[in-house]
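Take a look at the structure below.
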Amino acid sequence: MFSAIARVFKTPDLRTKILFTLGVIVIYRIGSFIPAPGVNYDNVQMCLASGETEGGLYSFVNMFSGGAMLQVSIFALGIMPYITAAIITQLLRVVIPRFERLHKEGAEGQAKLTQYTRYLTIALALLNATTLSTLASSGALLNCNLPLLTDNSIPSILLLVLILTTGAVVLMWMGEQITERGVGNGMSLMIFISIAAGFPAGLGQIWTTQGWQTFAIVMVVGLLTIMAIVFVEDSQRRVPVQYAKRQIGRRTVGGTSTYIPIKVNMAGVIPVIFASSILMLPQILIQFNQPAPGSQEEPKEWVVWLQEYFGTQSHPVYMLIFFLLTIGFTYFYVTITFNPQDISDNMKRYGGFIPGVRAGRPTVQYLEYVISRITFVGSLYLGVIAMIPLVAFVLIGANQNFPFGGTSILIMVGVALTTIKQINAQMEQHNYEGLLR
């Protein structure tokens, strides 16, 4: 393994790309701890030390910013605006025919969609920055009575909104630079780093609060979970495709055999994010409908009901709904991203067919049958992985930022696999021997 890593750094262009990627990541992490203008850093740290922001909504949102959101730093928004914009742009292909046409136009159409994603990112960053600044100025951001801003005047808040929006745009640019000049997908790597930054704290909390025995059990379960994710993420159903021979001029083309790779987990981590976002709504309603501090007023009945079933995230009703939403969103996302009709038309256009299946409508029905069976397994897999933090919360008292499970481990393993494969492919171009033998 060490010799393989040495070969990586002996390859000049690959070494340059890796060093460039590491440099951008270092800048990103440094910026995550630089306070935004007008933020009272001492009060922010005192509020964080009080522990009022652990678990639930705070942990989930803060995870994607690498801790920068609760630090109210210049990169407080993280890359969530870009992630949200990319998901929205992809979903709009279903309802806006122009987006679907652009997707099918190749590199030129993809560039246009990327531009639309950038514009939407700026709009979402501006909206999120305004919300974050408003919550910080009112003291509701960290559930703390201490003032988080040194000046609550309108010019100061507008400056904070501008800085936070600019920080999100800079992160988007940094991610694109990694993709073009570095190794791997820039946005995915920045998500990876944001999540990995919280791992030491999460594991340290388990060690200090539960003891080394529980820590050892968590590590064993974590390693088994990672092995299972690697196995499933690389699993695929290969549908064989045969291309008939065709005479073009004096050349005979076709007559080859290939396959359509259908991954077990075609939806990735998107269904878990969708399900978590939907179940955030009750928590937001609970947070904004609590009685004022020091008030003798009792919470409303519907707030108490939401608090009982959705507030702690450990109630069986919450877990069941989360599991079912993950399965439902898996089917939904696969349906809009995998189009059997397009695949059948492309095969028919180039003389391809699935052995034993007639071209046209029978091919579409066969692909729909295969994808429905594969998606069922993939949805159960996502549901089980997503439930691990909730079960850990009940069994050992871990917070929702539990390292091994849910959105975090899925993203980390997936990004790591993709990045290693890209490094491996580039090494084989030079040495005919990859990183993984």
Side-chain angles (χ1 to χ4, degrees), residues 57 60-61 63-64 77-128 131 168-169 171-172 175-176 179 185-188 190-191 233 262-281 284 321-343 345-346 364 367-368 371-372 374-376 378-379 381-383 385-386 406-407 410-411 414-415 418:
L57 175 64
F60 181 81
V61 177
M63 176 181 67
F64 286 96
L77 298 182
I79 55 175
M80 279 300 291
Y82 183 87
I83 298 172
T84 307
I87 294 175
I88 292 175
T89 304
Q90 190 172 16
L91 295 178
L92 285 178
R93 286 166 40 198
V94 182
V95 296
I96 301 180
R98 171 173 169 77
F99 279 36
E100 183 64 24
R101 290 196 300 268
L102 289 174
H103 177 72
K104 296 180 179 179
E105 287 179 2
E108 185 176 352
Q110 292 291 341
K112 197 70 175 178
L113 286 177
T114 301
Q115 196 67 20
Y116 289 153
T117 304
R118 292 170 181 163
Y119 294 148
L120 185 57
T121 300
I122 296 175
L124 291 176
L126 184 61
L127 178 62
N128 292 347
T131 304
V169 174
L171 288 181
M172 177 180 64
E176 292 179 350
T179 303
N185 183 281
M187 296 301 172
S188 299
M190 296 179 81
I191 298 175
E233 292 296 325
I262 302 179
K263 294 184 61 177
V264 174
N265 180 24
M266 292 186 62
V269 74
I270 300 300
V272 183
I273 296 178
F274 280 179
S276 301
S277 301
I278 292 296
L279 290 179
M280 276 185 191
L281 297 178
I284 294 175
I321 293 177
F322 186 47
F323 184 77
L324 295 178
L325 281 176
T326 302
I327 293 177
F329 280 123
T330 302
Y331 275 93
F332 169 74
Y333 192 77
V334 171
T335 301
I336 66 175
T337 55
F338 185 87
N339 193 333
Q341 185 65 53
D342 290 346
I343 295 177
D345 293 341
N346 290 332
V364 175
L367 291 176
E368 290 176 346
I371 196 63
S372 64
I374 295 296
T375 303
F376 177 73
S379 63
Y381 152 76
L382 284 177
I385 296 297
T407 311
L410 280 171
I411 293 176
V415 173
T418 304

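- The shortest distance between side-chain heavy atoms of Arg101 and Lys112 does not fall below 4.5 Å.
- Looking only at side-chain heavy atoms (C-beta outward), Thr418 and Asn185 stay at 4.5 Å or farther from each other.
- From Leu279, atom CG reaches atom OG1 of Thr326 across 8.0 Å, with rounding to the nearest 0.5 Å.
- Between Tyr116 and Phe99, the ring center distance clears the sub-6.0 Å criterion.
- Val334 and Met266 make their closest contact through CG2-CB, 4.1 Å (heavy atoms, listed as atom of the first residue, atom of the second, distance).
- In plain terms, the two heavy atoms of Ile79 and Met187 that are nearest each other are CD1-O, 3.4 Å.
- Among Phe323, Phe274, Phe322, the single residue meeting the ring-ring contact (aromatic ring centres under 6.0 Å, His included) criterion with Phe329 is Phe274.
- A distance of 12.0 Å separates CG in Leu92 from CG in Leu102, rounded to the nearest 0.5 Å.
- One distance of note links CE of Met190 with OG1 of Thr179; it measures 10.0 Å at 0.5 Å rounding.
- Taking the side chain as every heavy atom from C-beta outward, Met172 and Glu176 approach each other to under 4.5 Å.
- Thr121 has its side chain out of reach of Val169: every pair of non-hydrogen atoms, C-beta onward, lies at least 4.5 Å apart.
- Counting heavy-atom neighbours within 6.0 Å of Glu108 CD, excluding the residue itself, gives a total of 12 or less.
- Inter-residue side-chain proximity for Ile87 and Gln90 is flagged as unmet; no heavy-atom pair is nearer than 4.5 Å.
- Using a 4.5 Å heavy-atom cutoff, the side chains of Val272 and Leu410 are in contact.
- Distance check, rounded to the nearest 0.5 Å: CG of Leu127 to CD1 of Ile122 gives 14.0 Å.
- Across every non-hydrogen atom of Glu368 and Pro340, the tightest pair is CG-CG, 3.7 Å.
- Val264 has its side chain out of reach of Tyr381: every pair of non-hydrogen atoms, C-beta onward, lies at least 4.5 Å apart.
- Shortest non-hydrogen contact noted between Leu77 and Ala125 is CD1-O, 3.4 Å.
- Judged by distance alone, the side chain of Thr117 and the main-chain N or O of Ala86 form no donor-acceptor pair under 3.5 Å.
- Distance check, rounded to the nearest 0.5 Å: CD1 of Ile411 to CD1 of Ile83 gives 7.0 Å.
- Between Leu124 and Pro81 the shortest heavy-atom distance is CD1-O, 3.7 Å.
- Residues Leu382 and Pro271 come closest through the heavy atom pair CD1-CG, 3.9 Å.
- The distance from atom CD of Glu100 to atom CG of Asn339, rounded to the nearest 0.5 Å, is 7.5 Å.
- Between Ile191 and Tyr82 there is no side-chain heavy-atom pair separated by less than 4.5 Å.
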